[in-house]
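I have placed the structure first, in the form of structure tokens, so that the comments after it can refer back to it.
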4 protein chains.
Amino acid sequence: MLMQAKISADEQDSGGPAAAPPRTFTEAARRAQIVDAAIEVIADEGYAKATYARIARRAGLSSTGMISYHFAGKADLMREVVAEVMRVADGYMRPRIEAQPTAAGRLRAHIESNLELLGAHPKHLPALLQVLAQARGDEPWQQEFAAEMGGLVDRVAEALARAQEAGEFGDFDPWVMAMAIRGAVDAVVSRVAGGAAIDVAACGRELADLFDRATRKA
Amino acid sequence: MLMQAKISADEQDSGGPAAAPPRTFTEAARRAQIVDAAIEVIADEGYAKATYARIARRAGLSSTGMISYHFAGKADLMREVVAEVMRVADGYMRPRIEAQPTAAGRLRAHIESNLELLGAHPKHLPALLQVLAQARGDEPWQQEFAAEMGGLVDRVAEALARAQEAGEFGDFDPWVMAMAIRGAVDAVVSRVAGGAAIDVAACGRELADLFDRATRKA
Amino acid sequence: MLMQAKISADEQDSGGPAAAPPRTFTEAARRAQIVDAAIEVIADEGYAKATYARIARRAGLSSTGMISYHFAGKADLMREVVAEVMRVADGYMRPRIEAQPTAAGRLRAHIESNLELLGAHPKHLPALLQVLAQARGDEPWQQEFAAEMGGLVDRVAEALARAQEAGEFGDFDPWVMAMAIRGAVDAVVSRVAGGAAIDVAACGRELADLFDRATRKA
Amino acid sequence: MLMQAKISADEQDSGGPAAAPPRTFTEAARRAQIVDAAIEVIADEGYAKATYARIARRAGLSSTGMISYHFAGKADLMREVVAEVMRVADGYMRPRIEAQPTAAGRLRAHIESNLELLGAHPKHLPALLQVLAQARGDEPWQQEFAAEMGGLVDRVAEALARAQEAGEFGDFDPWVMAMAIRGAVDAVVSRVAGGAAIDVAACGRELADLFDRATRKA
DNA sequence: CATGAATGAGAATTCATTCAT
DNA sequence: GATGAATGAATTCTCATTCAT
């Protein structure tokens with residue numbers, strides 16, 4: 001599989017410096033509600049404007065204190081935003097990718113499903129992009145996101161390398177290829193988020209063609 | 001030419017909402033000094049931390065008032081940051097691109113020189129990426145940056161389309177290809193900015209190979 | 001007797017603004033549990049950090065609501081903290097003091113047992129000091145604590161005066177002497193609370209010697 | 001000399017984590033104004049109520065931002081409060097102490113001038129007491145204050161020890177004696193701060209007598 | 001031209017307390 | 001009796017910007 005959620009895996013985990021696992025149903029519901037609102041605000045207005053006040057307003061909450069009550073801090077909330085997007089992305093893309101018998105098919109499915117996902121959940125990937133763009137600086141949560149971003153590319157690179165060794169692809173640096181794929185998709189996401197009217201499905205097919213040519217055996 | 005600065009062209013100015021034209025030499029020097037400091041801060045610490053205070057400190061200025069004095073506002077400063085990076089990028093890439101006789105050569109030169117530029121001016125492209133990532137939201141300067149980003153891609157797309165019509169390339173959507181190129185390069189920039197130890201020159205060659213395969217006639 | 005609890009005496013209550021009398025056994029146990037946790041938190045982290053949240057956590061309670069449920073407010077809880085410390089102090093010091101036949105002996109026993117108490121219950125006196133230090137300001141509970149502090153000194157002063165009139169001590173102002181005793185002991189408590197490694201018993205003997213010289217007939 | 005300001009000594013120093021030395025006259029004046037207001041608020045309402053809002057109001061400032069502008073944080077402000085009180089105390093007490101030829105005279109002068117100071121600047125010592133009472137907890141500024149408090153006692157203890165070795169005093173533990181003196185004076189300060197109507201000069205003389213008896217050769 | 005002081009809005013976060021269940 | 005969710009005021013602090021000098 002070319003893409004899988006790392007963060008979503010440790011939802012039940014306690015290791016991190018912050019988020020205690022949600023214990024009750026209402027708590028989980030509130031957290032989800034806030035995360036959803038955060039995703040919308042981030043996607044619509046950008047990370048910089050995604051303040052507690054705006055998120056609370058979008059979530060229909062009366063006070064920003066509610067967010068502090070349910071999340072250990074902004075880093076915790078952002079972690080959850082990333083986790084949620086990864087969860088959704090994984091749920092959407094993985095079955096489509098794994099349904100393909102060939103590496104070329106999986107690559108195509110990866111790219112196409114990634115952009116279909118953009119159509120199905122128009123706020124999720126733009127929000128992810130915004131949050132991961134904050135992965136600059138020394139604070140631990142930023143490092144965390146940088147690692148997350150790296151992992152995203154690395155997993156694709158490994159899948160490409162394996163297929164390459166199996167003789168299913170031509171000769172190329174799998175890691176550079178993986179970065180190019182990630183970047184190409186993100187560029188489309190970014191443009192769509194900026195309001196460009198793009199047929200994402202067609203765009204996905206075109207990108208898939210592109211990388212098919214780029215990875216094919218000579 | 002695949003990339004050229006739009007903003008840098010109208011330094012003397014388009015009558016935007018802000019920047020008065022710099023009249024004196026000192027004025028221009030001060031502005032340049034501040035812009036350079038801003039680029040460094042943005043690249044090193046991210047857009048979110050690029051406050052007047054931090055920029056002033058990096059520029060060796062004693063007060064943030066200086067920045068307000070020389071720039072009409074933060075949007076104005078950021079506009080100038082983008083313009084400066086574009087100016088440098090144009091100066092670096094354009095001659096290398098135009099030296100190539102074939103479209104394929106120009107494409108390769110575009111990609112490779114873009115990444116060489118990253119080696120030569122390690123802060124400029126990361127800063128640009130950070131600033132353009134703020135192009136979300138309704139405010140005019142955000143729209144402006146979104147347009148800037150779009151223009152970047154569009155100009156490459158047009159060059160590709162012309163070459164394609166001239167029969168120098170295979171069959172593909174030039175606009176999608178342009179976005180893929182931009183995204184792939186940006187992904188590398190982003191990774192390098194994050195501290196990854198990458199041989200950017202080798203990476204540039206690999207990317208150029210990749211897009212050569214993707215654009216070649218079948 | 002040189003020291004006795006005033007607050008602890010009227011547990012069943014003076015009709016203050018707050019505390020309803022504890023009716024059931026569970027209620028009393030819960031209150032005691034919370035008061036103990038409060039004493040520990042105050043002694044360890046200081047009054048400022050002794051929030052409901054921290055106290056609840058230390059008490060093993062799941063919510064701060066419990067504290068509000070059992071106490072009429074923070075003033076009520078602090079009143080109870082003071083009362084509890086006074087109760088313990090009285091129980092510890094009074095028999096040791098009353099066992100002494102002479103006024104000088106009682107003075108020595110007062111000082112020494114006070115510091116022994118610090119060894120036996122290392123959190124109680126530091127907590128008391130912290131709470132009584134809040135006795136500044138107009139609110140009724142602050143005035144209450146100021147009065148409490150005054151009473152502490154006054155009772156010692158009265159004992160000293162009586163002994164003085166009986167010819168057992170030299171010539172000095174009993175009230176100033178009482179304040180000096182209180183202050184000297186508190187200074188030791190404060191230093192120990194701050195983490196200083198002090199032999200409190202030896203310190204008690206030394207202080208007792210000091211005040212013996214100061215009160216002795218010429 | 002039995003008491004001297006340690007903090008006031010490094011006013012021109014840059015070592016600390018926070019306070020840059022005030023560079024301009026206006027800045028210094030503003031800082032002084034804010035420190036004075038802080039001292040008043042702390043003395044009158046207690047440390048807990050000494051918020052930026054209340055201090056700003058007392059200082060006649062329009063916003064709390066002003067305080068943040070002039071001080072690196074609350075710790076910095078409190079450091080300055082302590083330094084100011086120490087400066088005043090040192091200026092008041094030191095000449096009176098040093099004017100005395102004998103150790104007994106210096107001890108008396110120390111105690112009496114300390115309490116006269118309470119009459120002359122009724123808010124300073126109570127404020128100091130409140131701030132130093134916060135010296136509990138792990139944060140560096142709290143540790144700093146704890147050390148400051150310790151230093152206060154230690155310097156007196158050393159002076160006592162020297163005089164003792166010179167045969168000017170009787171036999172006692174100088175460190176315990178120093179703590180007793182400090183505590184006795186603080187107890188009076190505390191009572192006066194609480195609103196008690198006390199003749200501090202008389203009280204000073206009485207305390208001086210007390211410790212004269214306690215330190216005298218047998 | 002330049003500066004430092006001031007401003008006021010808004011940021012995240014914490015707190016004691018209330019309330020429905 | 002007990003709980004967890006909610007509340008809203010208050011806290012420290014930062015920000016871009018303005019203004020008098």
Side-chain angles (χ1 to χ4, degrees), chain A residues 22-31 48-56 61-77, chain B residues 23-27 29-30 48-56 61-78, chain C residues 23-27 29-30 48-56 61-78, chain D residues 22-31 48-56 61-77:
Chain A
R23 304 209 177 278
T24 72
F25 171 72
T26 23
E27 155 111 57
R30 268 271 180 265
R31 278 176 73 97
K49 292 259 178 90
T51 66
Y52 276 17
R54 251 178 267 260
I55 294 169
L61 301 174
S62 61
S63 81
T64 70
M66 280 254 46
I67 302 179
S68 283
Y69 179 74
H70 286 287
F71 292 87
K74 205 163 189 190
D76 186 27
L77 173 55
Chain B
R23 303 207 181 275
T24 73
F25 171 73
T26 344
E27 161 89 15
R30 271 267 183 266
K49 294 232 177 132
T51 66
Y52 275 19
R54 251 178 271 259
I55 294 168
L61 267 39
S62 60
S63 91
T64 69
M66 277 255 48
I67 302 179
S68 284
Y69 181 73
H70 285 287
F71 293 87
K74 203 166 190 188
D76 186 29
L77 172 55
M78 289 307 142
Chain C
R23 303 208 181 275
T24 72
F25 171 73
T26 343
E27 161 89 15
R30 271 268 183 264
K49 294 232 177 135
T51 66
Y52 275 19
R54 252 178 270 257
I55 294 169
L61 266 40
S62 59
S63 91
T64 69
M66 278 254 47
I67 302 179
S68 284
Y69 181 74
H70 286 288
F71 292 87
K74 202 165 190 188
D76 186 29
L77 172 55
M78 289 307 141
Chain D
R23 304 209 178 276
T24 72
F25 171 72
T26 24
E27 155 111 58
R30 268 271 180 264
R31 278 175 73 98
K49 292 259 177 90
T51 65
Y52 277 15
R54 250 177 270 259
I55 294 169
L61 301 174
S62 61
S63 80
T64 70
M66 280 254 45
I67 302 179
S68 284
Y69 178 73
H70 286 287
F71 293 88
K74 204 162 190 191
D76 185 28
L77 173 54

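Each chain gets a letter, A, B and so on, in the order the sequences are listed, and its residues count up from 1. This structure is a prediction, so every number in the text was calculated from the model and none was measured.
- Dashed line: the shortest gap from a side-chain N or O of D:H70 to OP1 or OP2 of E:dG4 is not under 4.0 Å.
- Across F:dT21 and E:dC1, the matching C1' atoms stand 12 Å from one another, rounded to whole Å.
- Protein atom CD of A:E27 is 17 Å distant from nucleotide atom P of F:dT3, rounded to whole Å.
- Of the residues D:L77, D:I67, D:D76, the one that meets the side-chain contact (heavy atoms from CB on, under 4.5 Å) test with D:R31 is D:D76.
- Rounded to an integer number of Å, the gap from CD1 of A:I55 to P of E:dA11 is 11 Å.
- For the pair B:S63 and B:A56, the tightest heavy-atom approach, listed with the atom from each and the gap, is O-CB, 3.9 Å.
- The side chain of C:S62 sits closest to F:dT3 out of E:dG4, F:dA6, F:dT3.
- Rounded to 10°, the angle separating the first-five-pair axis and the last-five-pair axis of the helix from E:dA2-F:dT21 to E:dT21-F:dA2 equals 20°.
- We find that CD1 of A:I67 is positioned 10 Å from P of E:dT13, with the value rounded to whole Å.
- Residue A:Y69 places no side-chain N or O under 4.0 Å from the OP1 or OP2 atom of F:dA6.
- We find that CE of D:M66 is positioned 14 Å from C1' of F:dC13, with the value rounded to whole Å.
- Side-chain nitrogen and oxygen atoms of D:R30 include at least one within less than 4.0 Å of the OP1 or OP2 phosphate oxygen of E:dA6.
- We find the CZ-CZ distance between A:F71 and A:R30 to be 11.0 Å, quoted to the nearest 0.5 Å.
- Between D:S63 and E:dA9 there is no side-chain polar atom (N or O) within less than 4.0 angstrom of OP1 or OP2.
- Looking at every heavy atom in both residues, A:S68 comes nearest to A:Y52 through OG-CE2, 3.4 Å.
- The heavy-atom pair separating A:R54 from A:K49 by the smallest distance is NE-O, 2.8 Å.
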Show me the protein contacts with nucleotides 10-12 of chain F, counting only N or O atoms at under 3.5 Å.
{"unit_1": "F:dT12", "atom_1": "OP1", "unit_2": "D:K74", "atom_2": "NZ", "d": "2.8"}
{"unit_1": "F:dT12", "atom_1": "OP2", "unit_2": "D:Y52", "atom_2": "N", "d": "2.9"}

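- At whole-Å resolution of the value, CG in D:L61 and P in E:dG8 are 12 Å apart.
- DNA chain E is contacted by both D:G65 and C:A75; D:G65 maps to the nucleotide lying nearer its 5′ end (nearest heavy atom per residue).
- C:K74 pairs by the side chain to side chain donor-acceptor pair (under 3.5 Å) definition with nothing, not counting sequence neighbours.
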